[in-house]
There are 2 protein chains.
Amino acid sequence: MSIPLPGKQVRGSKTGKPIMALLDLIGRTWSLGLVWHLREGPATFRELQHRCEKISPTLLNTRLKELKALNIISIAEGGYQLTVQGQSLIEIILPLGQWSIQWANELQEKTDELN
Amino acid sequence: MSIPLPGKQVRGSKTGKPIMALLDLIGRTWSLGLVWHLREGPATFRELQHRCEKISPTLLNTRLKELKALNIISIAEGGYQLTVQGQSLIEIILPLGQWSIQWANELQEKTDELN
DNA sequence: TCTGCTTGCTACAAATAATGTAGCATTGGG
DNA sequence: CCCAATGCTACATTATTTGTAGCAAGCAGA
């Protein structure tokens, strides 16, 4: 799969509108999960495999390359880490943690109602 | 692919931590894109195909079912639309629009520097 | 009622992407 | 020199996505 560069054709947009490039990126297996896990701090390749619980090294490497190319993560001593841009992205996304908990609760209630 | 129900095993978490269920969902092709497009208002099946520019009806239907089951969208007269929860999700995600524009600019600058 | 259209969706084969396992090259002790 | 750990590639298997065709149902007009 080619890297979803804004300005180039991406999934969902012939003209590569930035938001569509981003949604294309995010819509790839593990890509946001990786960013999410890097929130805890820099990590080596094997550490990332561990944080993700289960991800093939093949795909991990593919995603790392994409995210690097798109300037969301970088590699340094200590391992992979979020760039400044990556951090600003994670800040937007952070509330999803809380949201998901509430969502899980309401789904639970809904299921309970049916019993 | 089974629906990523919080509490069940999902990609990235054996115990189905809500955030992992959510990231699993979001990491599926088109799923966030669909939500994004519904932001503009309710849409019929064919209208959604149109908004997405290019999505196979097979997948569209699959995603719609998932999102319905997870209570993020619902169907009514006028077509598919965001539920209250779907709306609160979109509100979190809305800033991505702005973020992506800035991101695209900075990527552009980076590329320019190399020339 | 007989078209002729639109809509929502399914079928299914072909193309692409993700997984899992094995393992190799490199680095850093001891 | 030997051992262990790390980063990563190879590659076959399996799963997901796409693309095209087309059908059943509903509706409007003649």
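Convention: sequence-line order gives letters A, B, ...; per-chain numbering from 1.
Surrounding CD of A/Gln87 are more than 12 heavy atoms belonging to other residues, nucleotides or ligands, all under 6.0 Å away.
B/Ile101 is not connected to A/Leu70 by any chain of hydrophobic side-chain contacts under 4.5 Å among Ile, Leu, Val, Met, Phe, Trp and Tyr, and they are in different clusters. If you chain together hydrophobic residues whose side chains sit under 4.5 Å apart, B/Val84 and A/Leu96 never meet in one group.
The NE2 atom of A/His50 sits 12 Å away from the P atom of D/dT6 (whole-angstrom rounding). Straight-line distance from the CG atom of B/Asn61 to the P atom of C/dC9: 6 Å, rounded to whole Å. Atom CG in B/Leu59 sits about 15 Å away from atom C1' in D/dT20, given to the nearest Å. Atom CD1 in A/Ile75 sits about 6 Å away from atom P in D/dC8, given to the nearest Å. Nucleotide D/dC8 holds its C1' atom 6 Å from the CZ atom of A/Phe45, rounded to whole Å. Rounding to whole angstrom units, CD of residue A/Glu66 and C1' of C/dA17 are separated by 11 Å. In this structure, CG of B/Leu64 is placed 14 Å from C1' of C/dT7, rounded to the nearest angstrom. Atom P of nucleotide D/dT16 and atom NZ of B/Lys65 are separated by 15 Å, given to the nearest angstrom.
At the heavy-atom level, B/Thr44 lies under 4.0 Å from the strands shown only through sugar-phosphate atoms.
Positionally, the nearest nucleotide of DNA chain C for A/Met1 lies more toward the 5' end than for the other of A/Met1 and A/Lys54. When each of B/Thr29 and A/Gly79 is assigned the nucleotide of DNA chain D bearing its nearest heavy atom, the one mapping closer to the 5' terminus is A/Gly79.
Using a 4.5 Å heavy-atom threshold, the side chains of A/Phe45 and A/Asn61 count as touching. A/Trp103 is not listed as a side-chain neighbour of B/Leu89, based on a closest heavy-atom distance of 4.5 Å or more.
Distances shorter than 4.0 Å separate some side-chain N or O of A/Arg63 from OP1 or OP2 on C/dA18. For C/dT19, neither phosphate oxygen OP1 nor OP2 lies less than 4.0 angstrom from any side-chain nitrogen or oxygen of A/Thr58. Distances shorter than 4.0 Å separate some side-chain N or O of B/Tyr80 from OP1 or OP2 on C/dC9.
Side-chain proximity of B/Arg46 to the nucleotides C/dG8, C/dT19, C/dA22 is greatest for C/dG8. When the nucleotides D/dT18, C/dC9, C/dT19 are ranked by their closest atom to the side chain of A/Arg11, D/dT18 comes out on top.
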